[in-house]
Amino acid sequence: MIIDGKVLSSEIRSDLKKEIESIKNKYNETPHLTVVLIGNDPASESYVKAKERACKQVGIKSTLITLPSTISLEELLKVIDELNKEKLVHGILVQLPLPSHISQDTVIDFMSQIKDVDGLHPHNISRLHTLRYSVLPCTPKGIITMLKSKDIQIEGKHAVVVGRSNLVGKPIAQLLLKENASVSITHRYTEDLASITKQADILVCAVGKAKFIAKDMVKKGAVCIDVGLSRVEGKLYGDFDFDNLLDHVSYISKAPGGVGPMTITSLLENTVECFLNQKKDIKL
Ligand code: GUN
């Protein structure tokens, strides 16, 4: 069975739109996300456009600040400082990756933790690890929503995560652990990767290599969640060999059209959550 992130997203977004309408009436204010895009990487530009479209769809105000790739760290921090202070901005997202001369860690650390819609600030990461979280990183949050939407049992299952990034691999491993799965994290140095992926009841792959996970690496009846996307000769592919796996697994997410739209849906939810935390003056 296919997990379609577009269909699930449109259901969640239509509920969210109603919630935002009533929030606007209650607070007489509109949740406002500001996205900062540095440089002109085509993939980042297209992700940012999709984020803006999604905000519009549910009634979140969005502002895009585009900055040249030559910007200095100091100038960028000045922009973020203004956004941190601006009461009418409730969420800040700095699109990653950043140009190589700008330290991603410094930028994320500098961002107000209560406006961190990505859940990437060290304060929010530590809250995730100790299960006192509010805002979760968008992609992992979207993946858990996908699994739950199909009533897929996580508890007691062996979940294998391929990739260990701060954005996806590490936080999804934590969330699966929170759901009482036994979790293995694998990465580029893992020896005999297939022997581990074959043990997975739930297999999450985020490496960005087309058809990286072949049928002989997957246990029959497994649940496959495809995070990676890569373009080969103009066509987008996920990390799983989708066509050959379809009859072999119990569930597989579409890619494109799976985790991507769910990541954006989680971003919308997180923006509302940040807004409400600020309105309720919740100290996080
Ligand atoms: N680049 C790719 N995915 C993401 C994301 O979820 N958040 C940010 N800020 N940048 C990204």
Side-chain angles (χ1 to χ4, degrees), residues 5-6 9-10 13 16 31-80 82-84 86 89-108 110-111 115-121 137-143 163 165-168 206-210 226-239 253-271 274:
K6 261 194 185 167
S9 277
S10 75
R13 289 182 200 183
L16 198 58
H32 180 192
L33 172 70
T34 295
V35 177
V36 180
L37 174 64
I38 298 138
N40 39 21
D41 171 60
S44 290
E45 279 177 345
S46 106
Y47 291 141
V48 162
K49 264 191 204 139
K51 288 170 186 178
E52 288 206 287
R53 266 200 308 273
C55 283
K56 200 166 177 194
Q57 193 187 354
V58 297
I60 289 174
K61 178 180 175 187
S62 75
T63 303
L64 174 62
I65 298 178
T66 51
L67 299 168
S69 59
T70 51
I71 192 167
S72 68
L73 175 64
E74 213 175 31
E75 286 170 307
L76 176 58
L77 294 185
K78 241 187 243 167
V79 172
I80 294 174
E82 291 297 314
L83 297 173
N84 284 344
E86 175 53 68
V89 170
H90 310 100
I92 306 169
L93 183 147
V94 178
Q95 184 66 25
L96 305 174
L98 297 174
S100 56
H101 67 281
I102 293 182
S103 154
Q104 190 169 299
D105 288 344
T106 306
V107 172
I108 291 173
F110 193 73
M111 209 186 297
K115 298 187 179 183
D116 168 33
V117 287
D118 266 323
L120 292 179
H121 188 282
C138 300
T139 302
K141 177 176 174 158
I143 292 172
S165 67
N166 290 336
L167 210 53
V168 183
V207 301
K209 287 186 188 165
D226 197 340
V227 184
L229 264 193
S230 39
R231 196 175 285 277
V232 181
E233 289 165 3
K235 192 169 182 279
L236 282 173
Y237 292 92
D239 284 348
S253 69
K254 282 176 93 175
V259 172
M262 289 302 296
T263 296
I264 297 181
T265 298
S266 302
L267 169 68
L268 302 173
E269 292 174 331
N270 283 355
T271 303
C274 285

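Side-chain contact between Leu96 and Leu120 is present, with heavy atoms from C-beta onward closer than 4.5 Å. Using a 4.5 Å cut-off on side-chain heavy atoms (C-beta onward), Val36 and Leu76 make contact. Considering only heavy atoms from C-beta on, Arg13 comes within 4.5 Å of Ile264 through its side chain. Between Ile143 and Met262 there is no side-chain heavy-atom pair separated by less than 4.5 Å. Residues Ile71 and Ile102 form a side-chain contact, since some pair of their non-hydrogen atoms from C-beta on lies under 4.5 Å apart. Using a 4.5 Å cut-off on side-chain heavy atoms (C-beta onward), Cys274 and Lys115 make no contact. In this structure, the side chains of Ile108 and Asp116 stay at 4.5 Å or more apart for every pair of heavy atoms.
Taking each heavy atom of Cys138 and Ser266 in turn, the nearest pair found is O-OG, 3.1 Å. The nearest pair of heavy atoms linking Ala206 to Val168 is CB-CG1, 3.9 Å. Scanning both residues, Val232 and Ala210, for their nearest heavy atoms gives CG2-CB, 3.8 Å. Of all non-hydrogen atoms in Pro97 and Ser44, the two that sit nearest each other are CD-OG, 4.1 Å. Of all heavy-atom pairs spanning Leu167 and Pro140, the tightest one is O-CD, 3.6 Å.
For the atom pair Leu33 CG and Glu52 CD, the distance stands at 8.5 Å (nearest 0.5 Å). Going from atom OG1 of Thr106 over to atom CG of Leu77 covers 7.5 Å, rounded to the nearest 0.5 Å. We find the NZ-OG1 distance between Lys51 and Thr263 to be 8.0 Å, quoted to the nearest 0.5 Å. Taken to the nearest 0.5 Å, the CG atom of Leu83 stands 5.0 Å off from the CD1 atom of Ile92. Between the CG atom of Asp41 and the CG atom of Leu98 there is a distance of 11.0 Å, given to the nearest 0.5 Å.
Surrounding OH of Tyr47 are at most 12 heavy atoms belonging to other residues, nucleotides or ligands under 6.0 Å away.
Proximity of a side-chain donor or acceptor of Asp118 to a complementary backbone N or O of Pro137 within less than 3.5 Å is not detected. Side-chain atoms of Asn84 never come within 3.5 Å of backbone atoms of Met111 as a donor-acceptor pair (strictly under, hydrogens ignored).
For the side-chain contact (heavy atoms from CB on, under 4.5 Å) with Thr34, the qualifying choice from Val117, Val89, Leu93, Val94 is Val89, the only one to do so.
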Donor-acceptor list for residues 60-70 side chains, cut-off 3.5 Å, not counting sequence neighbours:
| from | atom 1 | to | atom 2 | distance (Å) |
| --- | --- | --- | --- | --- |
| Thr63 | OG1 | His32 | NE2 | 2.6 |

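Partners of Lys141 by salt bridge (charged side-chain N to carboxylate O under 4.0 Å, His left out), not counting sequence neighbours, listed by chain and number: Glu269, Glu273.
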